[in-house]
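To start, the structure itself, in structure tokens.
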Amino acid sequence: MTIPTRRLTITEQVGPFTVAVGFKQDHTGAWTVPFEVFVTARGKSGTELDGHLYEIGVAASKIMQLEVE
């Protein structure tokens, strides 16, 4: 899958975390297809929680991009 360099991203605060979902365009050009997710403000870098939240973002993005192993 080719990831567009410019895309719509919606960002929300969820408790102490920031969740951003990136969208790609559908066949009509509308930004309706979610295909990546990032969790930021994950706390102290290098902690177990930080690592798990990062991995959740990667796993969810791969599922949305149909790259499930």
Side-chain angles (χ1 to χ4, degrees):
M1 167 184 282
T2 301
I3 297 175
T5 55
R6 294 194 175 262
R7 54 199 171 269
L8 173 68
T9 301
I10 296 176
T11 304
E12 294 285 331
Q13 286 295 126
V14 180
F17 308 111
T18 302
V19 179
V21 178
F23 293 82
K24 68 177 186 172
Q25 293 173 301
D26 64 14
H27 68 282
T28 68
W31 296 93
T32 59
V33 183
F35 77 102
E36 63 184 355
V37 63
F38 299 100
V39 181
T40 58
R42 299 183 304 254
K44 187 175 179 183
S45 181
T47 64
E48 187 174 5
L49 177 60
D50 175 57
H52 288 311
L53 290 171
Y54 173 82
E55 291 300 324
I56 287 170
V58 171
S61 296
K62 285 184 176 184
I63 290 167
M64 287 186 264
Q65 296 168 19
L66 304 175
E67 295 181 13
V68 182
E69 296 177 7

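- Note on L49 and I56: same hydrophobic cluster, where clusters join Ile, Leu, Val, Met, Phe, Trp and Tyr whose side-chain heavy atoms are under 4.5 Å apart, directly or indirectly.
- V58 and L53 sit in two unconnected hydrophobic clusters of ILVMFWY residues. Membership requires side-chain heavy atoms under 4.5 Å apart, directly or through other members.
- Taking CD of Q65 as the reference point, atom NZ of K24 lies at 8.0 Å (rounded to 0.5 Å).
- Annotation for D50 and K44: closest pair CB-O, 3.6 Å, computed over non-hydrogen atoms.
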Under 3.5 Å, which donor-acceptor pairs do the side chains of residues 11-23 form with other protein atoms, sequence neighbours left out?
from	atom 1	to	atom 2	distance (Å)
Q13	OE1	T18	OG1	2.6
Q13	NE2	F17	O	3.4

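- Shortest non-hydrogen contact noted between R6 and W31 is O-CH2, 3.3 Å.
- For T9, the side-chain hydrogen bond (donor to acceptor under 3.5 Å, both in side chains) criterion is met by no residue, not counting sequence neighbours.
- Of the possible polar contacts, none joining the E36 side chain to the S61 backbone as a donor-acceptor pair under 3.5 Å is found.
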